[in-house]
J.: 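My structure is below; once you've seen it, I'll send some questions.
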Amino acid sequence: MELNKENMKKIRWLITFSVLLYLGVQNLDVVLKYAKIVWGLLLPFVLGGAMAFVLNVPMAFIERHVFGKAKEKEDRRGRAAAKFARPVSLIFSIVLVVLAILVVVLIVAPELGRTLVNVVKKVEEDIPLVQKWLTDTFQSDSEIVKWASTIEIDPQKIIDSIVSVLRSGADNLVSSTITVTMGLVSMAMNFAIGFVFSCYVLLQKEKLGRQVLKAAYAILPVKTVEYLGHVCTLASKVFSSFITGQCIEAVILGSMFFVSMTIGRFPYAMLIGVLISFTALIPVFGGIIGCWVGFFLILMVSPLKALAFLILFLILQQIEGNLIYPHVVGNSVGLPAIWVLVAVTLGGNLMGIVGMLIFIPLVSVIYTLFKEWVSERLEQKKVKIS
């Protein structure tokens with residue numbers, strides 16, 4: 001290798017990076033401490049960026065389909081449409097998201113609360129029957145008969161026990177309450193800052209994009225900027241398609257459950273339909289969560305209907321998994337089914353539910369970039385594989 005000016009520059013960068021990496025490994029605790037501080041400072045803006053990305057999907061749709069033709073006109077009406085299209089679309093997007101959350105909370109939460117109360121009452125009423133069955137069945141076993149006679153569920157005693165525990169641990173409760181309150185306040189502040197930041201980003205996204213592009217061209221080589229632009233465009237397209245596809249798939253699945261349960265005269269048809277639509281936003285495993293919650297709700301009304309609901313779920317899950325999901329979501333991200341499962345598993349283990357949602361489009365971007373790199377390398381080597 002010739003020691004010209006360009007190579008010397010690369011060697012200096014390599015030595016600097018190696019020294020910094022060595023110092024970082026030797027002082028890992030300090031690095032992690034300051035990384036945590038930096039992450040805390042950046043968290044509101046990361047949340048804002050995530051909110052902006054999600055809100056941009058319905059906002060762009062509304063702006064394109066509602067105000068698109070009006071903006072093309074060059075008269076006074078067209079100028080007014082161009083001026084108000086973005087803020088009006090943003091407001092409508094926020095209202096739609098808030099309404100979706102409120103519908104889920106107002107329909108699902110009260111019904112679950114009532115069901116839990118009914119479960120406690122049902123268990124309390126059935127305990128004498130269980131005791132009688134145990135006594136009649138195990139008459140020869142005095143220990144089981146004695147244990148059966150002691151079974152008792154008294155809601156008032158449970159409440160009294162909880163109150164007693166709270167009183168005995170008052171000091172810990174106060175300190176815990178203060179800690180939780182501080183955490184909630186911090187979370188609320190981060191969310192508020194992130195929300196304002198997301199609104200600013202969405203209202204000024206073209207201007208911010210040009211500023212970032214100028215800075216990138218000023219700092220980085222042209223080829224690097226062009227490649228990063230390609231990656232960002234691909235990521236934006238895949239993430240938007242994934243969010244849209246996941247929402248459409250969730251609505252279709254929830255509607256299928258609502259219609260089929262209404263026809264079959266299942267209890268809680270509307271509640272379970274909305275619940276499954278909400279949980280189906282979690283890839284692969286979301287429908288299963290909704291299934292077991294629905295099974296539990298129906299079980300309190302009719303065990304036979306609950307069993308029939310499980311059979312119905314298996315049928316609809318097969319239709320959804322083999323026909324709807326691959327076409328609506330799988331094709332939108334361009335990721336084979338096996339890699340969808342890998343992405344969901346990795347994301348769930350690393351970051352929980354949020355990881356499941358993020359890792360499918362993220363792995364799809366990596367998969368697409370790797371495919372492009374492999375195709376380019378094969379073309380350079382003039383290798384063709386059918």
Side-chain angles (χ1 to χ4, degrees), residues 42 45-68 71-72 82 85-87 89-90 93-94 97 194 197-249 281 283 325-337 339-340 342-344 346-347 351 354-380:
L42 294 178
F45 305 103
V46 174
L47 286 174
M51 284 188 276
F53 197 90
V54 173
L55 287 172
N56 183 61
V57 176
M59 188 192 79
F61 180 85
I62 294 170
E63 188 176 1
R64 184 169 58 253
H65 289 85
V66 176
F67 298 98
K71 286 170 64 177
E72 292 175 359
R86 180 65 53 80
S89 301
L90 176 58
S93 301
I94 295 169
V97 172
F197 179 73
S198 68
C199 291
Y200 175 78
V201 168
L202 289 171
L203 291 172
Q204 304 286 332
K205 60 181 182 179
E206 288 86 4
K207 182 179 178 181
L208 289 173
R210 287 193 298 270
Q211 291 174 346
V212 170
L213 195 61
K214 286 179 181 180
Y217 273 117
I219 297 170
L220 301 171
V222 174
K223 287 186 178 180
T224 303
V225 175
E226 289 175 351
Y227 183 73
L228 288 175
H230 169 65
V231 172
C232 291
T233 302
L234 178 64
S236 177
K237 181 181 177 181
V238 169
F239 272 77
S240 298
S241 300
F242 173 73
I243 292 171
T244 305
Q246 196 70 31
C247 290
I248 293 172
E249 187 265 345
L281 293 173
Y325 196 88
H327 290 285
V328 175
V329 180
N331 290 344
S332 68
V333 297
L335 196 62
W339 294 112
V340 172
V342 171
V344 169
L346 287 175
M351 300 171 63
V354 177
M356 292 181 183
L357 294 171
I358 292 174
F359 264 63
I360 288 182
L362 182 63
V363 171
S364 179
V365 172
I366 295 171
Y367 175 81
T368 304
L369 292 173
F370 181 71
K371 244 190 1 176
E372 289 178 356
W373 179 80
V374 169
S375 299
E376 186 180 341
R377 293 288 294 172
L378 290 177
E379 189 177 341
Q380 288 176 357

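Side chains are part of it too, since the values below use all heavy atoms of this structure and drop only hydrogens, waters and symmetry mates.
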J.: Find the distance between CD1 (I94) and CE (M59) and round it off to the nearest 0.5 Å.
T.: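 CE of M59 is found 9.5 Å from CD1 of I94.
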J.: Any idea which heavy atoms bring M51 and G194 closest together, and the distance?
T.: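 Residues M51 and G194, closest heavy atoms: CE-C, 3.3 Å.
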J.: Could I get the full list of side-chain contact (heavy atoms from CB on, under 4.5 Å) partners for F53, not counting sequence neighbours?
T.: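 With neighbours one apart ignored, the set is S236, F239, S240, I243.
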J.: Of all the heavy-atom pairs spanning S198 and G48, show the shortest one and how long it is.
T.: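 Scanning both residues completely, I find the closest heavy atoms to be CB-O, 3.1 Å.
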J.: Measure the spacing between CG of L202 and CZ of R86 and express it to the nearest 0.5 Å.
T.: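 Interatomic distance, L202 CG to R86 CZ, rounded to 0.5 Å: 7.5 Å.
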J.: Could you list the residues that satisfy salt bridge (Lys or Arg N to Asp or Glu O under 4.0 Å) with E379, not counting sequence neighbours?
T.: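 Not a single residue meets the salt bridge (Lys or Arg N to Asp or Glu O under 4.0 Å) criterion with E379.
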J.: ring-ring contact (aromatic ring centres under 6.0 Å, His included) with F61: which residues, sequence neighbours excluded?
T.: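 Here the qualifying residues are H65.
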J.: side-chain contact (heavy atoms from CB on, under 4.5 Å) between T368 and E372: does it pass, once the steps are laid out?
T.: CA-CA 6 Å; T368 304; E372 289 178 356; 4.1 Å; yes
J.: Counting C-beta onward and ignoring hydrogens, is there a side-chain heavy-atom pair between L90 and C199 closer than 4.5 Å?
T.: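 They are in contact (side-chain heavy atoms under 4.5 Å apart), so the answer is yes.
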J.: Kindly write out the residues that satisfy side chain to side chain donor-acceptor pair (under 3.5 Å) with E376, not counting sequence neighbours, or none if the list is empty.
T.: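 Here no residue qualifies.
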J.: Let's go through S93 and I62 carefully: what are the C-alpha distance in whole Å and the side-chain angles of both, what is the deciding distance for side-chain contact (heavy atoms from CB on, under 4.5 Å) to 0.1 Å, and is it a yes or a no?
T.: CA-CA 8 Å; S93 301; I62 294 170; 3.9 Å; yes
J.: Going by atom type alone, with no hydrogens or angles, which donor-acceptor pairs under 3.5 Å involve a side-chain atom of residues 208-229 and a protein atom two or more places apart or on another chain?
T.:
none

J.: How many angstroms lie between atom CG of N56 and atom OG of S89, to the nearest 0.5 angstrom?
T.: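 One finds 10.5 Å between CG of N56 and OG of S89.
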